[in-house]
Protein chains: 2
Amino acid sequence: MVLPRAARTQRRTRIQEEKEELILEAALDVFATHGFRGSTIDQIAEVAGMSKPNLLYYFRTKDAMHRALIDRVLYNWLDPLREFDAEGNPVSEIRSYIRRKLEMARDFPRESRLFANEILQGAPHIEDELKGPLKELVDEKAEVIRSWAKAGKIAKCDPYHLIFAIWSTTQHYADFDVQVRGVLGEERSGEGRFEDAARFLEQLFVHGLEIREGGVDAV
Amino acid sequence: MVLPRAARTQRRTRIQEEKEELILEAALDVFATHGFRGSTIDQIAEVAGMSKPNLLYYFRTKDAMHRALIDRVLYNWLDPLREFDAEGNPVSEIRSYIRRKLEMARDFPRESRLFANEILQGAPHIEDELKGPLKELVDEKAEVIRSWAKAGKIAKCDPYHLIFAIWSTTQHYADFDVQVRGVLGEERSGEGRFEDAARFLEQLFVHGLEIREGGVDAV
DNA sequence: GTAATGTTTTACCAACCGGTCAAATTATCA
DNA sequence: TGATAATTTGACCGGTTGGTAAAACATTAC
């Protein structure tokens, strides 16, 4: 019998696992470069090397594909922030957070662009995640940063905007890759740009957050 | 006679000026939120309050509309960088560059998102601009920053990555607005967030680029 | 006023879109 | 092996898309 994918509660077939994997991989490619509305099922099917109805056998709608993809990617995407450790040394925590985010921009640029597209277009599919789990995680880590500042371990600053700054500067190398490479030119567009970026950003944030000698650190 | 818009080399009518203005305004709205492929002519026509064929009388293709919009917006978008003054005081130049970019993110978020969408999706329509005029302008300003560093007025750093960092942190507040407001929560989502951001970013960049006492400023 | 030009609308088209259906094919397992 | 369930395909559908044709309508210049 032909059961719609969603109705099958039993164990998944080997073929199912493989094909769903294949489809999500292709979907990541397509959604990341064209956004949800700009992507077509045919495109994804072609990248995945299968026919459109076949693809729709595994995910019944374009929306279901997108949602499955987001769910799968979102959790891991927040790993670096989750590892941010209240007990650790502030400077090295921030430094390694930057490095890890930059590694993700280098190694998983499609994932970064998937979210960038989604948020840029008003986050119609993940607004709940933003205001729920994401906000809670950021609130928690912002509190950690604030306590560091209060303890005099780093300069006083708005922890939310600090997190935004780390997000934006690092993800820039994934999301705006074409621009970065266009501006740097052919010869500086090798993988070395991530090393240069890491060096610069660590300098910027570490010095920028260093406690100021002589008390007040207002600008 | 009905001449296609492009063939008319003569002076433009009052109506033409008005309608083209109206259309580009609507196009900015739509392209900025959905990207090129995700936008439809019908949508733009509706926002502009005119019929689709009427709209196509002024811009013969969707592509032509998009190109006209980009051309119109790109030049002004680079104004703040252009004003970056080699003769000025380094710290206050950088500081006012940040402030102006942040003001643009606040006052012209659609323009920012238009480019963000375009670049995110591989910059298919503006690659030449990136590698040409934009690169030249950045090269020029990077040289200025480098000379400041050499003269010991600011810390040594990669000027290109500095510019990227300023771009990304400021544009973040336009492009990722939904996320920013989602994370900050209702009560902190007023216009005040731009003030907070400005304060944080000025602190970050000014302190982060301050010359280190005692010679070497390696991280 | 009227003729020429500029603007808008109605009706339309072919291609594409997300999605369905039923039949054909393949894998699984007793 | 054969029955059964899982997978794949081609043909198709109604709605949308970018874009056209021609005629109706408005504006301008003389």
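In what follows, every chain begins at residue 1, and chains take the letters A, B, ... in the order their sequences are listed.
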Just to be sure I understand the rule, does I41(A) reach a base, reach only the sugar-phosphate, or reach nothing, if contact means heavy atoms closer than 4.0 Å? sugar-phosphate
Can you tell me how far C1' of dG19(C) sits from OH of Y58(A), to the nearest Å? 18 Å
Please confirm whether Y173(B) and H161(A) have ring centers closer than 6.0 angstrom. yes
Taking atom types as they are modelled, is there a donor-acceptor pair under 3.5 Å from the base of dG19(D) to the side chain of K62(B)? no
In whole Å, what is the span from the CD atom of E20(A) to the P atom of dA6(D)? 14 Å
Would you kindly compare R37(A) and P53(B) by the position of their nearest DNA chain C nucleotide and give the one closer to the 5′ end? P53(B)
Answer yes or no: does a side-chain N or O of S51(B) lie under 4.0 Å from OP1 or OP2 of dT8(C)? no
Is it the case that R82(B) places NZ or CZ above or below the six-membered ring of Y75(B), under 6.0 angstrom from the centre and within 45 degrees of the axis? yes
If you look at every strand shown and take non-hydrogen atoms under 4.0 Å, does K19(B) touch a base, only sugar-phosphate, or nothing? sugar-phosphate
Give a yes-or-no answer on whether the side chains of D139(B) and Y160(B) include a donor-acceptor pair shorter than 3.5 Å. yes
Rounded to the nearest Å, what distance is computed from the CZ atom of residue F36(A) to the P atom of nucleotide dC17(C)? 14 Å
How many whole angstroms separate atom CE of M65(B) from atom C1' of dG19(D)? 13 Å
Under 4.0 Å between a side-chain N or O of Y57(B) and OP1 or OP2 of dG19(D)? no
Is N54(A) close enough to dT7(D) that one of its side-chain N or O atoms is under 4.0 Å from OP1 or OP2 there? no
Length of the line joining K52(B):NZ and dC13(C):P, which is rounded to integer Å: 14 Å
L56(A) CG to dT9(D) P, straight-line distance once rounded to whole Å: 13 Å
Tell me the interatomic distance from D42(B), atom CG, to dG18(D), atom C1', rounded to whole angstroms. 9 Å
Heavy-atom check, side chain of H34(B) versus side chain of L120(A), under 4.5 Å: no
When you check the gap from the basic side-chain N to the acidic O, do D175(A) and R113(A) get nearer than 4.0 Å? no
Value in whole Å for how far the P atom of dT8(D) lies from CG of L22(A): 10 Å
